[in-house]
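The structure under discussion is supplied below as structure tokens; questions concerning it will follow.
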Amino acid sequence: MISNNNSLFYRAIRQLPRQFSPFITCNRRIMNIQTHIRHQSTAADATAATLLQKNLIQANNMLSGYGSGVIGCAVFDNQGNLNTSFNEMKREELVTKHGLLPRDLRKIEKSKQNDLVPSLLVRQNGILISLLNYKALIKPNMVITFTSSGSGISLNSSAHLSFMNDLKLRLQNSTTNQVGSDPLPYEFRALEAIFISALSNLTSELKVLLSVSEGVLTDLEYSITRDKLKLLLIQNKKLSTFNKKAGLVRELIDDLLEQDDVLCEMYLTDNQLGIEHYDDDHAEIEMLLETYHNHIDELVQKTENAISNVKSTEEIINIILDSNRNQLMLLGIKFSLGLLSLCGAILFGSAYGMNLENFIEYTNYGFIGTIAVGIISTVCLYAAGIRTLHRLQKVSLLSRINRDIKK
């Protein structure tokens with residue numbers, strides 16, 4: 001009997017996997033589906049992240065001008081003639097052919113209206129300059145001016161055409177037997193054209209700012225209005241921005257003048273011919289930079305004087321407004337003293353007007369006496385208040401010091 005029970009028990013245990021196999025199979029299918037969904041979601045997330053990253057990179061490239069691989073340019077040969085066959089150059093060509101580094105092109109590819117921080121990099125066989133709106137690569141036998149989109153100057157604008165014509169004339173004005181020829185090397189003539197164009201633009205901009213600022217300051221001498229104060233604030237901000245921009249150009253020239261090795265390396269033509277410059281053998285480029293340093297320093301001084309005049313006017317206006325505010329406060333205090341002084345007359349009038357029997361009712365001069373006492377008390381209280389107010393107005397720093405010494 002026991003053996004039969006044991007056999008039945010073992011048989012039932014053996015049949016358990018068969019009975020639970022549908023549930024186990026279902027659980028396995030559910031786990032497989034969850035794993036598949038998890039893999040699909042992970043793959044979808046990775047794909048979405050990749051697409052998002054690509055879109056962000058593309059948007060960043062569109063905003064900053066990077067990633068196109070092509071930079072607009074204009075090429076001048078060693079005779080100063082414009083080569084019309086070159087309108088665009090690849091970044092790889094600029095890096096490999098002209099001996100530049102990839103990071104050197106950051107200033108060139110920036111699509112800002114006005115690059116505030118100037119730079120001048122001297123490489124093995126070229127000078128890469130970025131000065132305000134003008135960006136160029138100067139070689140011993142060619143000049144590449146970069147006209148990237150978003151530089152703030154249109155290719156057909158008068159400023160750009162004037163710069164191109166001036167650069168062309170200076171490059172063509174080489175050392176010959178003709179009268180009026182420029183004895184400077186090719187690279188210095190190109191550098192001088194860039195400095196002249198940049199400083200002429202700064203001078204024109206400063207003239208406009210100074211004329212507008214002087215007009216606003218003159219109008220404020222006759223009347224002070226909200227619109228004029230707002231315009232004065234705007235002009236002060238513009239003058240501060242211009243002062244910072246001109247100051248950075250002056251700092252660039254200062255740094256160049258302090259580096260003798262960089263000045264010697266800027267003789268590209270001589271270095272190509274095997275003529276090396278050492279130590280203080282850089283008189284030409286030093287005098288050239290000194291000339292434009294004096295000019296930019298004059299612009300900075302004029303800007304600082306204009307800013308000083310604007311700040312002085314603002315201080316005077318603040319003093320005038322404070323004085324008017326004090327006068328209004330003084331007028332309010334005087335009215336308050338007058339109302340306080342009336343309290344004496346009101347007190348006597350209210351006491352006289354009460355329905356109480358008193359000896360004043362039986363006199364002939366009670367009404368006149370009450371009015372006289374009220375007026376006298378009002379005048380006395382007002383005079384005492386005005387005397388105290390004048391004494392407070394005459395308090396000075398010296399009187400406070402003397403009072404402290406006596407204590």
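None of the values given here were measured: they were computed from a predicted structure.
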Whether Thr145 side chain and Ala74 backbone form a donor-acceptor pair below 3.5 Å:
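Between the backbone of Ala74 and the side chain of Thr145 there is a qualifying donor-acceptor contact (under 3.5 Å).
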Could you give the distance from CZ (Phe163) to CG (Leu167), rounded to the nearest 0.5 Å?
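Result: 5.0 Å between the selected atoms.
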Has the side chain of Ser341 got a donor or acceptor atom that lies under 3.5 Å from a matching backbone atom of Val379?
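Not a single qualifying donor-acceptor pair exists.
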If I take atom CG from residue Leu120 and atom CZ from residue Phe195, how far apart are they, to the nearest 0.5 angstrom?
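Here the rounded value is 6.5 Å.
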Checking Ser211 side chain against Lys207 main chain: does a donor-acceptor pair fall under 3.5 Å?
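Side chain of Ser211 to backbone of Lys207, a donor-acceptor pair under 3.5 Å: yes, one is there.
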Take Leu220 and Thr313 through the test side-chain contact (heavy atoms from CB on, under 4.5 Å) and record every step on the way to the result.
CA-CA 9 Å; Leu220 286 172; Thr313 304; 4.1 Å; yes
Do you know the tightest heavy-atom contact between Leu105 and Val95?
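Heavy atoms only, the tightest pair is CD1-CG2, 4.0 Å.
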Can Leu342 and Tyr382 be said to form a side-chain contact (heavy atoms from CB on, under 4.5 Å), step by step?
CA-CA 9 Å; Leu342 289 175; Tyr382 187 75; over 6 Å; no
Could you tell me whether a side-chain N or O of Asp297 sits under 3.5 Å from a main-chain N or O of His293, the two making a donor and an acceptor?
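No, because the side chain of Asp297 does not come within donor-acceptor range (under 3.5 Å) of the backbone of His293.
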Salt-bridge contact Arg325-Asp322 (side-chain N to carboxylate O under 4.0 Å)
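Result for this pair is yes, salt bridge flagged.
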Nearest-0.5 Å distance that lies between atom CD in Glu187 and atom CG in Leu171:
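One gets 10.5 Å once the value is rounded to the nearest 0.5 Å.
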Verify, without hydrogens or angle tests, whether Asn305 (side chain) and Gln301 (backbone) share a donor-acceptor contact under 3.5 angstrom.
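Judged by distance alone, yes, a pair lies under 3.5 Å.
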Please determine whether a side-chain nitrogen of the Lys or Arg among Lys302 and Glu298 lies less than 4.0 Å from a carboxylate oxygen of the Asp or Glu.
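Looking at Lys302 and Glu298, the cut-off is met.
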Any donor-acceptor pair under 3.5 Å from Arg189 side chain to Arg170 backbone:
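Pair found, side chain donor or acceptor close to backbone of Arg170.
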Flag, side chain of Ser197 to backbone of Ile194, donor-acceptor distance under 3.5 Å
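Not confirmed, Ser197 side chain does not pair with Ile194 backbone.
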Using 0.5 Å steps for rounding, measure from the SG atom of Cys264 to the CG atom of Asp280.
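Here the interatomic distance stands at 8.0 Å.
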Quick one, Lys245 with Glu205, criterion side-chain contact (heavy atoms from CB on, under 4.5 Å). Give me CA distance, side-chain angles, the key distance, then yes/no.
CA-CA 12 Å; Lys245 180 168 56 177; Glu205 184 180 356; 3.1 Å; yes
Check the orientation of Phe188 and Tyr267. Use parallel for under 30°, tilted for 30 to 60°, and perpendicular for over 60°.
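Correct class here is perpendicular.
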Is any side-chain heavy atom of Arg123 closer than 4.5 Å to one of Leu100?
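SC-SC contact between Leu100 and Arg123 confirmed.
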Evaluate whether atom NZ of Lys228 has more than 12 neighbouring non-hydrogen atoms of other residues, nucleotides or ligands under 6.0 angstrom away.
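More than 12 heavy atoms, drawn from other residues, nucleotides or ligands, come within 6.0 Å of this atom.
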Hey, mind stepping through Ile386 and Lys334 against side-chain contact (heavy atoms from CB on, under 4.5 Å) and telling me if it holds?
CA-CA 7 Å; Ile386 293 297; Lys334 289 181 179 180; 4.2 Å; yes
Check whether any side-chain N or O of Asn165 sits under 3.5 Å from a backbone N or O of Leu161 as a donor-acceptor pair, and report yes or no.
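Side chain of Asn165 to backbone of Leu161: a pair is present.
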